[in-house]
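The next block holds one structure in the form of structure tokens; read it before the comments.
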Amino acid sequence: MRLSQYFLPLIKETPSEAQIASHRLMLRAGMIRQQAAGIYTWLPLGLRVLQKVEHIVADELNKAGCVRVLMPTLQPTELWKESGRYDALGKEMLRFKDRADRELLYSPTNEEMIVDVFRGYVKSYKSLPISLYQIQWKFRDEVRPRFGVMRGREFLMKDDYSFHANVDDAVREYWKMYDVYHAIFKRMGLQTVAVRAETGAIGGDLSHEFHVLAETGESAVYYDKKFDDLREGKITMTGDEQRKLYAAADEMHKPDACPIAKEDLREARGIEVGQVFFLGNKYSKAMGVTIAGPDGQNITPEMGCYGIGVSRLLGAIIEAGHDDNGIIWPAAVAPFDAGLINLRSGDAKCDALCDSIYAALAQKGMDVLYDDTDERAGGKFAGMDLIGLPWQIVVGPKGAEKNMVELKNRKTGEKQELSVEAMLATFTKA
Ligand code: 5CA
């Protein structure tokens, strides 16, 4: 992508409304624009990252046997009267009427609707297990939308709902998804701590929240210090061993009843990027779902549901990876793989070299943002640092004479003078 043809509205000043780094940087890097409290336009750069995050989530879920669907954002309120949750969400749920005076709501979550889909087709335990997920916009009229995409009113969620013939199968799926979640977040360069959590308005018997530890996190979490040792690579543990360690969300942590010694307990702030629930038959029973069971008797399916805050993840990734100059994207979610800076656009040699590098990198399958504008060098460097692409390739008139470029690693700040061939050879991406 040539910057001269792109839409990248960078902001130099620090936006006064933003209290945390990720919010400030998303505004400054031209990723999002606020349209109303907690409601955002995704600008091109932000949309690229959002789609990469979405792709990783979908890819890992597909590998785990989950099947993608897409439900509407709007729902008839009747379904919520059936489940008994019509009043449970209160003002958080946005309701309105269509021209025929029928009440609709903007989905804050989709348990009722997926149960409605399920009961429309599935008649026998032989069709189970089934796990259906979507990545779709949600609306919750939060009392205090804040921190940009971290606590929005409209936000993108991955919500997955599984159906099983018995409790054992449902609980097995729950722990499978627990592992899948760690893998999903790891692929985005994030380390997460899973803590036991209340089930709240979603309900059910067992739940974990997945937190990215960050000082700006909205939640307090408590956990065995062995998690820190694990993260720092000081010890290794099997998944089974990890699950037995103490880890609790604020509302689950009872200091008097805490099973581990004070010196082994860590308290930290966390950003909740996902939550998993074993629902039991709360929704299937309330909505009267029965299917044929293995011994000829009708059974009520057991359910699980598994959410990920897809748009919130961008905030969490930035909180975990930035410096004074801007964002530092993990390669897997970076909006472009590299930035190419032409220090003298209009100079025949610089232009020709940049064009050839741009073509060679594209040949390797790399997505490059080429700054071909005539802004001054300082502004180009600052802009590239701000948007945080993993690599910067700098072409200036002196280097162009000798076929040399500078390659900068955004994360380490390390710079290397390299021949064009040597620079190209460092990128092996297919
Ligand atoms: N139905 C279940 C998941 S299938 C559910 O709604 N779970 S949830 O309430 O925990 O939401 C799932 C995830 O969405 C949360 O873990 C969080 O990462 C994200 N999320 C929730 N509220 C917001 C919000 N206001 N802004 C941004 N992300 C949010």
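Both ligands and their constituent atoms are indexed starting at 1 by order of listing.
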Checklist entry - Hey, is F277 one of the residues with a heavy atom under 4.0 angstrom from ligand 1? => result yes
Next on the checklist: Under a 3.5 Å threshold, yes or no: a donor from one side chain and an acceptor from the other, between T300 and N281?
Outcome noted: no
Item to check | Close approach, G274 and ligand 1, non-hydrogen under 4.0 angstrom | outcome: yes
Checklist entry - Name the one of R266, K226, H253 that satisfies side chain to side chain donor-acceptor pair (under 3.5 Å) with Y246? => result H253
Checklist entry - So which protein heavy atom does atom 13 (C) of ligand 1 come closest to, and at what separation? => result G309 N, 3.8 Å
Next on the checklist: Under 6.0 Å between ring centres: does that hold for Y125 and H164?
Outcome noted: no
Item to check | Heteroatom proximity flag, E142 to ligand 1, N/O under 3.5 Å | outcome: yes
Checklist entry - Which residue owns the protein heavy atom closest to atom 17 (C) of ligand 1, what's the atom, and how far is it? => result R312 NH1, 3.5 Å
Item to check | Distance-only N or O hit between ligand 1 and E272, under 3.5 Å | outcome: yes
Checklist outcome for this item: One finds that the ligand 1 atoms under 4.0 Å from a non-hydrogen atom of T109 are 1 (N), 2 (C), 6 (O)
Checklist entry - Which residue pairs pass the side-chain hydrogen bond (donor to acceptor under 3.5 Å, both in side chains) test when at least one of the two sits in residues 76-87, sequence neighbours left out? => result Q75-W80, T77-E103, E82-R119, S83-E112, R85-E111, R85-E112, R85-Y283, Y86-E103
Checklist entry - Using 4.0 Å as the upper bound for N to carboxylate O, is an ion pair formed by E218 and R146? => result yes
Next on the checklist: With the threshold set at under 4.0 angstrom, would you say V149 reaches ligand 1 through any of its heavy atoms?
Outcome noted: yes
Next on the checklist: Using modelled atom types and a 3.5 Å cut-off, is there a donor and acceptor pairing between side-chain atoms of E60 and backbone atoms of V57?
Outcome noted: no
Item to check | Heavy atom of the protein closest to atom 5 (C) of ligand 1 (residue, atom name, distance) | outcome: I202 CD1, 3.7 Å
Item to check | Minimum non-hydrogen distance to atom 22 (N) of ligand 1, winning option of F147, F155, F210 | outcome: F155
Checklist entry - Counting from 1, what ligand 1 atoms have a heavy atom of D159 closer than 4.0 Å? => result 4 (S)
Next on the checklist: Quiz question: by atom type and distance under 3.5 Å, do the side chains of D385 and Q392 form a donor-acceptor pair?
Outcome noted: yes
Next on the checklist: Could you walk me through whether E142 and R151 satisfy the salt bridge (Lys or Arg N to Asp or Glu O under 4.0 Å) test, starting with their C-alpha distance in whole Å, then the side-chain angles of each, then the deciding distance to 0.1 Å, before giving a yes or no?
Outcome noted: CA-CA 8 Å; E142 301 272 354; R151 182 162 299 278; 3.0 Å; yes
Item to check | Protein residue, atom and distance nearest to atom 26 (N) of ligand 1, heavy-atom basis | outcome: G152 N, 3.0 Å
Checklist entry - To which of M157, Q275, E111, K138 does the heavy atom nearest atom 11 (O) of ligand 1 belong? => result M157
Checklist entry - Does the gap between the ring centers of F278 and Y174 come in under 6.0 Å? => result no
Checklist entry - When you measure from atom 6 (O) of ligand 1 to every protein heavy atom, which one gives the shortest distance, and what is it? => result R140 NH2, 2.8 Å
Checklist entry - Does some non-hydrogen atom of M150 fall short of 4.0 Å from ligand 1? => result yes
Next on the checklist: Please determine whether salt bridge (Lys or Arg N to Asp or Glu O under 4.0 Å) holds for the pair D250 and R269, giving the CA-CA distance in whole Å, both sets of side-chain angles, and the decisive distance to 0.1 Å.
Outcome noted: CA-CA 10 Å; D250 203 10; R269 307 297 300 175; over 6 Å; no
